[in-house]
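Read the structure below first, then the notes.
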Amino acid sequence: AYPNNINSSLIPLEDEQKLPSYILGPGDKLLIKVYKMKEFDVALEVLPDGTINLPRVGPISVNNLTLEEAKIKIKKGYEKILKRPIIYLDLVQFRPISLLVTGEVQKPGIYSMGLNRINKIESSTGGEALNINSKGWPTVIDAIQLAGGLTDNADLKNIFLKRNNSENHSNNSLKINLLDLITNGEISENLYVYSGDSIKVLKASKNDFKKLISKSNLAPSTILVNVVGEVENPGNQKVKANSQPISAILSAGGLKRTANINKIKLLRLNQNGSVFTKEFKYKNLTNGNLNNFSLIDKDIIFIPPTNWAKTRSSFADLTDPFLRSLQILRLF
């Protein structure tokens, strides 16, 4: 079911009874050999109509066939001109794979992958990207990385790979446990993906995997947090994933003297459209009392001014027009 030119030692121990074999289609390149008949050896590409043109046999359709099914069909074609031909069929280059990645990934959508690719892992807001060069047949890990990586809410134990089985016109679904892959090195969980597959990453009910995800190459290494209010350099701050609020504040240059250190507020937009808010005291941010609270991409930290600073600002706004008038009168 796998290409013969792929190193077999790198192939995950996939149970082929659970997922159907690779299906041929336009763009696949095949190497066909006939035993002791070198003049019939040929490299062919599956045409847009799903056919290949065999020497002295003519066109035959291999679209939506497995390699074994195509081999049988090619053999029958050669039996018209040869006696008991022995056929060797290899897939030497596959067409770009198109598949759907949804759920708890940074950038859900349809992706196309070839043998050589660069998986760009970055947050949906475009933080610092981690580029991973990947070669060979694409896997579930490749697909997740190509979709920007996992979100903090991903459930490493509940990732589903779904594939259409053309043999019985049904859908096969297999549950993947990436936690075993990351913690125990279970490479068998990193299955190959085929064109037409779909991968869905479910949302975790708890935050058990956040730290593990942030330390892996399955998630962006940095996130963007908007720090506004009484800081030296307000605006978007690039901080490491899984950082605490103090990291974003220090990245913004630290607090101004006018900052209200007892009412620092964090705002977070939930997926359902509601807004989560949490209030901090600056001393709790710096003494390690919030080790269990981590920032996520797109968080907003607001540092309000003190009441004295507000009063001073209001007084300045009121008196500024009067002072400007005096300056103008002095000119005359």
Side-chain angles (χ1 to χ4, degrees), residues 1-100 110-117 135-140 142-143 161-174 188 191-199:
Y2 301 107
N4 292 337
N5 64 330
I6 299 291
N7 187 342
S8 60
S9 65
L10 300 178
I11 295 176
L13 303 176
E14 179 178 341
D15 182 353
E16 296 186 18
Q17 294 181 349
K18 293 181 180 178
L19 288 175
S21 303
Y22 181 77
I23 300 298
L24 294 172
D28 286 329
K29 292 184 178 180
L30 304 175
L31 178 62
I32 303 170
K33 293 183 178 182
V34 182
Y35 181 62
K36 290 187 176 181
M37 301 287 289
K38 287 189 176 181
E39 63 271 24
F40 286 95
D41 294 353
V42 63
L44 297 170
E45 182 174 332
V46 181
L47 299 176
D49 62 355
T51 64
I52 55 175
N53 195 18
L54 295 176
R56 295 178 59 183
V57 173
I60 66 169
S61 178
V62 295
N63 195 41
N64 292 326
L65 298 181
T66 65
L67 281 174
E68 187 61 32
E69 291 169 341
K71 181 179 176 181
I72 294 172
K73 195 168 184 179
I74 292 170
K75 182 181 178 181
K76 288 181 179 179
Y78 277 117
E79 283 176 346
K80 297 176 181 178
I81 59 173
L82 299 174
K83 189 175 182 179
R84 292 192 294 274
I86 299 175
I87 306 298
Y88 299 95
L89 176 63
D90 289 331
L91 175 62
V92 293
Q93 184 175 332
F94 67 92
R95 65 192 186 276
I97 284 176
S98 180
L99 77 165
L100 177 66
I110 298 175
Y111 290 90
S112 180
M113 295 187 288
L115 277 174
N116 299 301
R117 56 203 169 270
K135 296 182 179 181
W137 199 280
T139 64
V140 170
D142 287 313
L161 172 63
K162 186 167 69 173
R163 179 172 301 159
N164 180 53
N165 190 339
S166 61
E167 299 171 6
N168 56 18
H169 303 287
S170 63
N171 287 323
N172 296 74
S173 185
L174 187 64
S188 60
L191 303 180
Y192 280 114
V193 292
Y194 298 155
S195 197
D197 285 355
S198 65
I199 297 171

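Side chains are part of it too, since the values below use all heavy atoms of this structure and drop only hydrogens, waters and symmetry mates.
- The distance from the CG atom of D197 to the CG atom of N172 is 10.0 Å, given to the nearest 0.5 Å.
- The salt bridge (Lys or Arg N to Asp or Glu O under 4.0 Å) analysis of residues 22-35, with sequence neighbours excluded, yields the pairs D28-R95.
- In this structure, CG on L65 lies 8.5 Å from CD1 on I60, to the nearest 0.5 angstrom.
- The two residues P26 and P48 come nearest to each other via the heavy atoms CG-O, 3.6 Å.
- A distance of 9.5 Å separates CZ in R163 from CG in L99, rounded to the nearest 0.5 Å.
- Distance check, rounded to the nearest 0.5 Å: CG of L54 to CD1 of I32 gives 5.0 Å.
- The side chain to side chain contact (heavy atoms under 4.5 Å, CB included) test applied to R117 returns M113, N119, S134, P138, D142, not counting sequence neighbours.
- Here side chain to side chain donor-acceptor pair (under 3.5 Å) pairs that include residues 34-62, with residues two or more places apart or in two chains, are D49-T51.
- The ring-ring contact (aromatic ring centres under 6.0 Å, His included) pairs that include a residue from residues 41-75 number zero, where partners must be two or more places apart or lie in different chains.
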Can you list the steps and then say if V57 with I74 is a side chain to side chain contact (heavy atoms under 4.5 Å, CB included)? CA-CA 9 Å; V57 173; I74 292 170; over 6 Å; no
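- A donor-acceptor contact shorter than 3.5 Å is absent between the side chain of W137 and the backbone of Y194.
- The side chain to side chain contact (heavy atoms under 4.5 Å, CB included) test applied to L100 returns T102, I110, S198, not counting sequence neighbours.
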What's the verdict on side chain to side chain contact (heavy atoms under 4.5 Å, CB included) for N63 and L24, showing C-alpha distance, side-chain angles and the deciding distance? CA-CA 6 Å; N63 195 41; L24 294 172; over 6 Å; no
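- In this structure, the side chain to side chain contact (heavy atoms under 4.5 Å, CB included) partners of P55, at least two apart in sequence or on a different chain, are V42, Y78.
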